[in-house]
Undergrad: 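Below is a structure I'd like to ask you about.
We count ligands from 1, going down the list as the structure has it; atoms in each ligand are counted the same way. In this chain, numbering begins with 1 at the start of the sequence shown.
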Amino acid sequence: MEIIEVRGGRTLSGSITPPAAKNSVLPILAATLLCGGPCRLRGIPRLSDVDTSLALLAAVGARAGWCGRDVMTSPVPLLRGDIPPGLAGAMRSSVFYLAPLLVRVGQVRLPVPGGCRLGPRPVDIHLDGLAAMGARVELASDAVILRRAGRLHGADFTLRLPSVGATETLLMAASCAEGTTVLRGVACEPEIEDLAGFLSTCGARITGAGTPVIVIRGRAGGLDGCSYTPLPDRIAASTYAAAVAAAGGEITIRRCRPAHFGTFLDFLRAAGCEVRNGTNAVRIRRDPSLPLKGGQEIFASAFPGFATDAAPLAAAVLLTADAPSRVYDGLFQNRFACAAGFAALGADVCARGRELQIAGGAELTGTVVSAPDLRGGAALVVAGLAAAGKTCILDEGHIRRGYQSLPAELASLGAACRSA
Ligand code: EPU
């Protein structure tokens with residue numbers, strides 16, 4: 001159990017650079033299994049989900065490890081298709097190993113994937129797409145088993161909803177299938193383009209990534225290796241932005257892509273922050289003597305909509321605003337498990353299904369709260385910055401899945417925040 005201690009009342013200043021995006025790094029690590037040559041992934045954060053991925057790669061027989069801040073992988077002739085239950089259950093991203101192991105081994109067994117408990121997280125679209133490409137799918141009580149008789153083949157497949165993970169699964173499978181695959185209704189998140197960028201650098205032939213239709217001409221002979229730098233983490237950047245909005249002060253987020261979290265920056269502008277975008281940096285200022293503006297209606301949806309992962313962060317900012325607001329999550333049923341922590345800090349909030357109603361005007365006071373999940377935990381840290389006195393966030397490992405060291409990152413901006 002980690003305890004994050006935050007003392008509110010200090011303004012933030014300085015600059016910070018977000019690390020590589022967790023949600024790019026995790027699928028890319030799985031995709032290295034498709035590569036016939038070595039890969040070097042540059043500037044990878046030491047997240048616990050990255051450690052779990054490296055353990056998973058080792059468990060299926062692959063070679064991957066740290067080389068300074070980079071992760072190096074080298075190809076091996078033989079892999080195993082059995083994913084250990086402990087590793088599958090440790091993160092949602094174990095699902096990314098379905099396609100590469102099916103391609104490489106011919107069969108894969110994935111016990112139930114873990115991850116944040118944000119509501120039901122089925123994998124039917126991953127399975128339907130792989131079945132359309134020739135996989136045989138068997139559902140056991142505790143695992144899903146996929147087999148292929150010959151090679152996977154190209155298909156024309158429409159996703160029933162734009163799942164990020166399913167789009168990534170099918171991109172990986174199609175890159176090494178025989179023939180052309182057309183994926184329709186896919187997710188357009190920047191991390192999809194990033195995975196496509198990695199696969200293309202390895203020799204895959206992909207057009208349309210970042211749009212709703214992706215066309216992949218398969219390279220059944222497999223991919224090459226490459227050196228690749230994943231894109232900056234837009235949710236980590238949104239977290240720093242939320243922190244300065246909650247605490248007050250002025251910070252610069254460097255080496256980021258402001259367009260990737262533009263909806264969050266627009267939200268901060270509407271809340272009364274001053275936001276100045278550069279090409280690869282953004283400066284955010286909030287005068288702590290002025291109240292934040294409430295009266296906001298936020299609807300989280302697929303990209304380019306408001307990011308679901310940033311919805312609890314927005315809520316944390318709005319707790320003290322001058323009028324009531326509502327945040328609705330169109331993707332996950334249980335996004336606002338952090339509401340109990342907000343209430344313990346003195347906020348007047350009400351979570352009704354997918355919606356969080358925030359009365360605003362709260363005078364937050366530090367207390368002991370529990371991180372219910374990754375982004376909800378980060379949101380409680382942000383709320384702690386706006387609370388009087390000491391807030392202790394008890395965390396059973398959620399926050400480290402997505403932030404290398406959130407307390408140290410915020411402390412570098414002047415926050416009184418540490419891992420106790
Ligand atoms: N869905 C299905 N069937 C499927 C796949 C998804 O019904 O086969 C549903 C899900 O239940 C959910 C919705 O579709 O209601 C969206 O899920 P999606 O597949 O898009 O999400 P994901 O791939 O499981 C990724 C990120 C999440 C992020 C979501 C949405 C990774 C490793 N995770 O999850 O990030 O919230 O996309 O943008 O890329 C986080 O970083 O904390 C996190 C949860």
Side-chain angles (χ1 to χ4, degrees), residues 18-31 45 47-50 52-53 56 90-99 110 113-132 137 139 144 157-172 183 185-195 230-231 233-239 260-261 263-264 300-313 329-338 353-354 371-379 397-403 406:
K22 166 179 87 77
N23 291 346
S24 282
V25 169
L26 300 178
I28 289 174
L29 280 169
L47 309 174
S48 58
D49 272 7
V50 171
T52 305
S53 302
L56 204 160
M91 60 173 186
R92 168 75 180 179
S93 297
S94 52
V95 76
F96 293 136
Y97 291 80
L98 274 178
L110 174 72
C116 288
R117 287 187 290 274
L118 304 174
R121 296 179 80 175
V123 293
D124 59 303
I125 308 172
H126 301 246
L127 301 182
D128 289 351
L130 291 171
V137 178
L139 297 176
V144 40
F157 181 76
T158 302
L159 282 67
R160 77 172 168 81
L161 56 85
S163 155
V164 173
T167 303
E168 292 170 337
T169 287
L170 300 178
L171 257 180
M172 289 190 256
L183 300 175
V186 297
C188 299
E189 268 69 0
E191 293 77 14
I192 304 280
E193 271 189 86
D194 209 24
L195 173 63
L231 60 73
D233 195 320
R234 63 195 166 105
I235 306 301
S238 302
T239 308
H260 288 171
F261 58 114
T263 49
F264 197 78
S301 58
F303 193 84
F306 196 96
T308 166
D309 294 323
L313 300 169
D329 195 300
L331 293 180
F332 293 110
Q333 281 175 20
N334 188 30
R335 189 39 108 175
F336 300 111
C338 52
R354 293 168 175 269
D373 51 55
L374 166 54
R375 307 303 174 187
H398 297 294
I399 297 176
R400 272 185 193 275
R401 291 191 26 238
Y403 301 87
L406 187 57

Undergrad: For ligand 1, what is the set of protein residues having any non-hydrogen atom at a distance below 4.0 Å?
TA: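 Close residues (ligand 1, cut-off 4.0 Å): K22, N23, R92, S93, F96, L118, P120, R121, P122, V123, D124, I125, H126, R160, L161, S163, V164, G165, T308, D309, L331, F332, R335, L374, R375.
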Undergrad: Excluding sequence neighbours, so at least two apart, what forms salt bridge (Lys or Arg N to Asp or Glu O under 4.0 Å) with R354?
TA: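 Counting only residues at least two positions away or on another chain, R354 forms no salt bridge (Lys or Arg N to Asp or Glu O under 4.0 Å).
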Undergrad: Looking only at atom types and distance, does a side-chain atom of E191 sit under 3.5 Å from a main-chain N or O of N23, one as donor and one as acceptor?
TA: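 Looks like no, no N/O pair under 3.5 Å.
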Undergrad: Can we say D49 and R400 salt-bridge, meaning some charged N sits less than 4.0 Å from an Asp/Glu carboxylate O?
TA: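 The answer is no: the pair does not qualify as a salt bridge.
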Undergrad: Donor-acceptor pair, D233 side chain versus P18 backbone, under 3.5 Å?
TA: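 Absent.
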Undergrad: Using the ring of each side chain (for Trp, its six-membered ring), is H260 parallel, tilted or perpendicular to F303, with breaks at 30° and 60°?
TA: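 Judged by the thresholds at 30° and 60°, the geometry between H260 and F303 is perpendicular.
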Undergrad: Could you walk me through whether L170 and L159 pass the side-chain contact (heavy atoms from CB on, under 4.5 Å) test, one step at a time?
TA: CA-CA 10 Å; L170 300 178; L159 282 67; 4.2 Å; yes
